[in-house]
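Heads up: the structure comes next, in structure tokens.
Throughout, residue positions are numbered sequentially from 1 according to the sequence presented.
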Amino acid sequence: MKKNILHKMLFAFIALAMVSCSKDSEGLSKIIDYPQIFVQGDAFYVSPIGEAFVDPGCTALYQGKDYTSNLVITGADKININVAGLYPITYSATSPDGYTWSESRTVAVCDPKITTDLSGTWDVDPNSYRVYNGAEVAMGGAYALKISKLAPGIFKFSDLFGGWYDQRAGYGTAYAIVGQMQLTADNKVICLNSSITPWGDTLNAFLNGVYDPATETITWDAIYNDSKMTFHIILHKK
């Protein structure tokens with residue numbers, strides 16, 4: 001008798017578990033397969049100005065099978081080998097179910113003859129200032145900016161505001177506007193691109209960028225907020 005009762009209890013438990021599993025499985029999403037993309041060579045590719053750019057290539061797999069013929073490449077046709085700058089290339093592929101994956105490469109067209117290296121830490125001159133609604137306010141404090149070399153004559157500046165929001169206002173590094181810059185043979189500094197993540201925008205203009213090798217000073221005017229603000233920044237090599 002006890003054995004029959006135990007058997008009945010065991011069967012009831014198994015049946016309940018099966019019903020429970022069936023209900024828990026309802027509405028679950030299926031596994032999504034994305035194409036796999038493999039960019040050959042460097043993700044940041046340096047190409048001397050005037051020389052033809054030859055893409056090192058890219059391949060794709062989908063569910064373990066070659067999918068390279070389905071790659072869509074954008075940006076490669078925008079590269080101007082005669083103009084120094086940063087040119088992005090995007091490689092993307094879409095699965096039969098409509099799911100897309102992408103990878104990218106940046107091509108730095110640069111002049112190898114430019115050997116000046118601006119990389120390092122630079123002090124922001126306290127006399128740097130911001131003009132907003134006609135009012136000029138000096139930077140005032142001792143702030144610093146970092147410059148990193150990406151390629152000959154091309155650099156990354158940590159904050160084109162000179163630390164105004166990041167350090168002076170204390171908002172943190174997210175509120176620095178990062179810029180990728182070009183140094184020309186005649187020591188002009190040109191902004192190639194800029195971005196500030198929290199506000200999702202860029203500079204309206206970058207003017208009067210100059211590097212003075214005699215004094216190791218860099219100056220520029222960064223125009224922002226629909227041209228309502230001008231940041232006049234002066235840097236000295238630390």
Side-chain angles (χ1 to χ4, degrees), residues 44 46-50 80-87 106-171 173 175-196 201-225 227-238:
F44 189 89
V46 177
S47 182
I49 196 167
N80 188 337
I81 63 171
N82 297 310
V83 177
L86 299 174
Y87 299 90
T106 298
V107 178
V109 176
C110 58
D111 185 353
K113 295 177 182 178
I114 298 178
T115 58
T116 301
D117 189 356
L118 301 179
S119 61
T121 301
W122 293 69
D123 289 325
V124 180
D125 192 307
N127 292 314
S128 299
Y129 58 83
R130 184 188 75 171
V131 177
Y132 181 41
N133 288 334
E136 180 181 311
V137 179
M139 185 71 72
Y143 309 115
L145 183 152
K146 290 187 177 180
I147 300 177
S148 306
K149 183 178 179 180
L150 302 177
I154 298 180
F155 303 88
K156 177 181 178 181
F157 284 48
S158 65
D159 188 6
L160 300 180
F161 289 148
W164 187 276
Y165 296 109
D166 168 13
Q167 301 169 63
R168 187 179 188 276
Y171 290 0
T173 55
Y175 289 87
I177 188 161
V178 177
Q180 292 175 317
M181 321 295 287
Q182 175 195 353
L183 177 67
T184 65
D186 57 354
N187 290 317
K188 291 180 181 178
V189 178
I190 299 171
C191 183
L192 301 174
N193 57 61
S194 62
S195 63
I196 182 167
D201 55 10
T202 65
L203 293 178
N204 297 118
F206 182 91
L207 307 173
N208 308 316
V210 177
Y211 168 60
D212 184 345
T215 60
E216 291 194 293
T217 301
I218 304 174
T219 58
W220 70 79
D221 292 306
I223 315 301
Y224 184 65
N225 191 18
S227 301
K228 297 174 184 175
M229 296 180 180
T230 298
F231 295 84
H232 180 72
I233 305 301
I234 306 167
L235 299 183
H236 303 291
K237 191 66 181 289
K238 197 173 183 68

Acceptor/donor pairs from residues 187-196 side chains to any protein atom, 3.5 angstrom cut, sequence neighbours excluded:
residue: Asn193; atom: ND2; partner: Gln180; partner atom: OE1; Å: 2.9
residue: Ser194; atom: OG; partner: Leu203; partner atom: N; Å: 3.1

With a 3.5 Å cut-off and no angle check, do the side chains of [X] and [Y] form a donor-acceptor pair?
{"X": "Tyr165", "Y": "Asp159", "value": "no"}
{"X": "Thr215", "Y": "Asp212", "value": "yes"}
{"X": "His236", "Y": "Asp123", "value": "no"}

Minimum heavy-atom distance between [X] and [Y], given as atom pair plus value:
{"X": "Lys228", "Y": "Tyr132", "result": "O-CD1, 3.5 Å"}
{"X": "Ile147", "Y": "Ile218", "result": "CD1-CD1, 3.9 Å"}
{"X": "Val107", "Y": "Ser47", "result": "CG1-CB, 4.0 Å"}
{"X": "Ser158", "Y": "Leu145", "result": "OG-CG, 3.5 Å"}
{"X": "Lys237", "Y": "Gly120", "result": "CE-CA, 4.4 Å"}

Under 4.5 Å between any side-chain heavy atoms of [X] and [Y], yes or no?
{"X": "Tyr211", "Y": "Leu118", "result": "yes"}
{"X": "Glu136", "Y": "Arg130", "result": "no"}
{"X": "Leu183", "Y": "Phe155", "result": "yes"}
{"X": "Pro152", "Y": "Cys110", "result": "yes"}
{"X": "Leu86", "Y": "Phe44", "result": "yes"}
{"X": "Leu160", "Y": "Met181", "result": "yes"}

Is atom [atom1] of [X] surrounded by more than 12 heavy atoms (other residues, nucleotides or ligands) closer than 6.0 Å?
{"X": "Lys146", "atom1": "NZ", "result": "no"}
{"X": "Tyr171", "atom1": "OH", "result": "no"}
{"X": "Lys149", "atom1": "NZ", "result": "yes"}

Euclidean distance, Asn204 CG relative to Ile223 CD1, rounded to 0.5 Å: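 Reported value, rounded in 0.5 Å steps: 8.0 Å.
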Arg168 side chain to Met139 backbone, donor-acceptor under 3.5 Å: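 Answer holds: yes.
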Asn225 (side chain) donor-acceptor with Ser227 (main chain) under 3.5 angstrom: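 Checking the backbone N and O of Ser227 against the side chain of Asn225, no donor-acceptor pair under 3.5 Å is found.
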Pairing residues for Trp220 by the ring-ring contact (aromatic ring centres under 6.0 Å, His included) criterion, not counting sequence neighbours: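 Expected list: Phe157, Phe206.
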Passing candidate, side-chain contact (heavy atoms from CB on, under 4.5 Å) with Thr219, options Asn208, Ile234, Leu235, Asp125: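 Looking at Asn208, Ile234, Leu235, Asp125, the match for Thr219 under the side-chain contact (heavy atoms from CB on, under 4.5 Å) is Ile234.
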Stepwise side-chain contact (heavy atoms from CB on, under 4.5 Å) check, Lys238 with Trp122: CA-CA 5 Å; Lys238 197 173 183 68; Trp122 293 69; 5.9 Å; no
Pair Tyr224 + Phe161: ring centers closer than 6.0 Å: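 Centroid distance Tyr224-Phe161: below 6.0 Å, so yes.
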